[in-house]
Amino acid sequence: MSTTLHDKTAAELVERSNRLGADPRNTNYAGGNTSAKGTETDPVTGESVELLWVKGSGGDLGTLTESGLAVLRLDRMRALVDVYPGVEREDEMVAAFDYCLHGKGGAAPSIDTAMHGLVDAPHVDHLHPDSGIAIATAADGEALTGTVFGDKVVWVPWRRPGFQLGLDIAEIKEKHPHAIGCILGGHGITAWGDTSAEAEANSLWIIDTAATYIVEHSEPEPFGPALEGYAALPDAERRAKAAALAATIRGIASRDRPMVGHFTDSEAVLDFLTSAEHPRLAGLGTSCPDHFLRTMVKPLLLDLPAGASVEDSIARLQELAVSYREDYQAYYDRHATPESPAIRGADPLIVLVPGVGMFSYGKDKQTARVAGEFYVNAINVMRGAEGLSTYAPIDEAEKFRIEYWALEEAKLQRMPAPKALATRIALVTGAAGGIGKATAKRLAAEGACVVIADLDLARAEAAAAEIGGPDVAVGVAADVSDEAAVQAMIEATVLAFGGLDLVVNNAGLSLSKSLLETTAADWDLQHDVMAKGSFLVSKAAARVLIDQGLGGDIIYISSKNSVFAGPNNIAYSATKADQAHQVRLLAAELGEYGVKVNGVNPDGVVAGSGIFASGWGANRAAVYGVEEKDLGKFYAQRTILKREVLPENIANAVFVLCGPDLSHTTGLHVPVDAGVAAAFLR
């Protein structure tokens, strides 16, 4: 059969979707949907069949590809009108969409499929622009729609997305032939056109017209006058306070289940928190379903001025967390029915701190970041609605119907099982290469967010980019022998991902010298980096782990030399023995906080090793009388298993120690040396 028309229709739809989704003024991440109608030859009958291409469930317009489209036979989809059982049973229609699909593959149809199929227009866009939602959530939104757009845009009262909403918009399109779209009360916009270009132009006209009207007619202080004492703190002070609060706030957001965090101190957030009306507006919560599904119905708001001390802020946040959970439980109890899904958790996903910014949370970094972006969208919506009228989101009963919708619950149940280290935040020192980089890669592959710390910032950032980019890994510079640098590294970690769960003390170096050749400077350098450095990192990390109240892991990359006496490495072996005993001491001390402390004792890791490349390898080769290039093979032959030890072998041991299978193990050293009898632990 010919696929030329199909290719053109789908390609135009994807291109339009990508353009619309690329601009956050048009719609939020994974929000909204687009469609196109066209004909194709039925491969069974050879006759023309009219089809609907529509963005599938869960997709994102900005990154949509053709595989993310659902393709349905339009005649069968529209025939569902004849069997529609009414609004009380409209959810049944979503399953019926599966019987309208054309061909194989493609995405699952979304709840908005009816809107696109039933509206009599070749191209339809449904979007969530801030300017459009501002009109949609204004108390007099219907009147404003007529004032702003004339008869080109029609008001649609709030209705939960579904088949009936599709019927309503189809009727509006039929009764208003001059209209190019709708404002959906409390929700967003829908526009249509005879061509893909016309639909896109109509969508943008609605968005831009609303935005222009808001700018030209808004009150000068839509959020009210500035509150004394609530102005944003200076940059450095603001970031320091955010870092000091991060662990406590993550603990508050993770009482039901662990969360990854994101910090935002954008001008929009800080301006909102400076204004007199922010407590009232924050209490009203968000309105667009895409917003509150990501942010909960409302945020937790710290009700202290910007200058409040860290100690007072933490104490008040802990009090507010208790009342927040009680309030959410009461919200659930008010609206739940015997058929409602069980409560999913009562922790906040958005925490607002005046003068500092916003913390947002999710099951991974991307979800946490997007939740923050959605609340910024909500702030923009509130600004527009308050500037023209009064912000009036949909009521909480409707929010509950969306949040605990059976279809939403089914979507959550279809999510793949999380990886072993999902939601865990790891910090690996000396991680730009060798054992550290291999460990960071393994932890990220198992679902962790990873901070790669190294003396060489450029190499750390390059390693992070290789592992997965800022939603997975970030690189920071750190000299672990410098207490201030260590604290800065910890602060960078908690601001990047919200907290810290797993520390790998891997940074190290070695000088291979005999006792008489070893200088005091040699001794001090190795002890400063490894013994002192591990102590400083563990101490700073322990404060975060304790404040979070989520347990955690500290792992030391020690050495076979911590228990084995070999020639010409007095300083290195002594400092490794120091690290080995730190494991035992900290395991005993931190156990009451649920923090496990374990070690790995490698030997002969030549491949990718910065230590071996910096002269240690040449010296050790000379000691053993072999060529430097053959040192790895030499080490392998002296082991029981006759196997060369690679960085990945140590990474595997780290994962096992911090993974789910050794949850009750602390104070352990795991040899990863292919078997060196003289280093057996006794």
Side-chain angles (χ1 to χ4, degrees), residues 427-432 434-436 439 453-455 477-490 502-515 517-543 545 553-590 595-603 605 609-612 614-616 619-620 650 653-654 657 666-673 679 681:
L427 167 65
V428 185
T429 65
I435 292 172
T439 299
D454 202 271
L455 269 175
D479 176 355
V480 297
S481 68
D482 183 315
E483 188 167 12
V486 168
Q487 184 58 36
M489 173 183 70
I490 296 294
L502 166 61
V503 177
V504 181
N505 277 312
N506 172 71
L509 77 161
S510 183
L511 302 172
S512 176
K513 293 183 179 181
S514 68
L515 170 64
E517 293 173 322
T518 301
T519 66
D522 295 334
W523 179 274
D524 289 344
L525 175 61
Q526 292 181 89
H527 279 72
D528 281 351
V529 172
M530 291 178 286
K532 177 185 172 185
S534 296
F535 154 71
L536 292 175
V537 172
S538 296
K539 179 181 177 181
R543 292 193 182 100
L545 299 176
D553 286 273
I554 299 176
I555 295 178
Y556 281 66
I557 305 301
S558 184
S559 171
K560 169 220 57 174
N561 285 354
S562 65
V563 294
F564 171 78
N568 296 342
N569 60 1
I570 175 68
Y572 177 80
S573 296
T575 196
K576 285 299 180 182
D578 186 316
Q579 285 186 309
H581 200 48
Q582 285 186 38
V583 168
R584 303 181 188 98
L585 295 167
L586 297 187
E589 183 172 341
L590 298 178
V595 177
K596 298 164 32 249
V597 186
N598 293 290
V600 179
N601 286 353
D603 182 49
V605 184
S609 170
I611 288 178
F612 278 89
S614 63
W616 170 265
N619 287 328
R620 301 316 291 169
I650 287 76
V654 171
L657 286 169
T666 192
L668 174 69
H669 278 281
V670 177
V672 185
D673 56 13
L681 298 173

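In this text the structure is predicted, and so the values were computed from the model without any measurement.
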Which atom names give the shortest non-hydrogen contact between [X] and [Y], and what distance separates them?
{"X": "Val486", "Y": "Ala540", "value": "CG1-CB, 4.0 Å"}
{"X": "Val583", "Y": "Gly599", "value": "CG1-N, 4.0 Å"}
{"X": "Ala587", "Y": "Thr666", "value": "CB-OG1, 3.4 Å"}
{"X": "Ala478", "Y": "Met489", "value": "CB-SD, 3.5 Å"}
{"X": "Pro602", "Y": "Ser558", "value": "CD-O, 3.3 Å"}

| Beyond-backbone contact of Asn598 with His669, side-chain heavy atoms, under 4.5 angstrom | no
Given 3.5 Å as the limit, does a donor-acceptor pair link the side chain of [X] with the main chain of [Y], or not?
{"X": "Thr439", "Y": "Ile435", "result": "yes"}
{"X": "Gln526", "Y": "Trp523", "result": "no"}
{"X": "Gln579", "Y": "Tyr556", "result": "no"}

| Per the side chain to side chain contact (heavy atoms under 4.5 Å, CB included) rule, which among Ile554, Ile555, Val503 passes with Val597? |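 Output: one option passes, namely Ile554.
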| said: So, applying side chain to side chain contact (heavy atoms under 4.5 Å, CB included) with Ile557, which one of Val504, Val605, Val672, Val428 is it? | reply: Val504
| note | By side chain to side chain contact (heavy atoms under 4.5 Å, CB included), Ser559 pairs with (sequence neighbours left out) Asn561, Tyr572, Lys576
| Results of side chain to side chain contact (heavy atoms under 4.5 Å, CB included) for Asp578 - residues two or more places apart only |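 Listed in chain order: Ala531, Gln582.
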Just verifying a value: how many Å separate [X] [atom1] and [Y] [atom2], rounded to the nearest 0.5 Å?
{"X": "Ile650", "Y": "Asp673", "atom1": "CD1", "atom2": "CG", "result": "9.5 Å"}
{"X": "Leu668", "Y": "Asn601", "atom1": "CG", "atom2": "CG", "result": "9.5 Å"}
{"X": "Thr429", "Y": "Leu536", "atom1": "OG1", "atom2": "CG", "result": "11.5 Å"}
{"X": "Asn568", "Y": "Ser573", "atom1": "CG", "atom2": "OG", "result": "10.0 Å"}
{"X": "Asp528", "Y": "Leu509", "atom1": "CG", "atom2": "CG", "result": "10.0 Å"}
{"X": "His527", "Y": "Phe535", "atom1": "NE2", "atom2": "CZ", "result": "14.5 Å"}

Only counting residues at least two apart or in another chain, list the ones meeting salt bridge (Lys or Arg N to Asp or Glu O under 4.0 Å) with [X].
{"X": "Asp479", "value": "none"}
{"X": "Asp553", "value": "Arg424, Lys596"}
{"X": "Asp522", "value": "Lys513"}
{"X": "Lys532", "value": "none"}

| message | Under 3.5 Å, is there a donor on one side chain and an acceptor on the other for Asn505 and Ser538? | response |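 Their side chains do contain a donor-acceptor pair, which is all the 3.5 Å distance test asks for.
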| message | With a 6.0 Å cut-off (strictly less than), is the heavy-atom count around CD of Gln487, excluding the residue itself, greater than 12? | response | yes
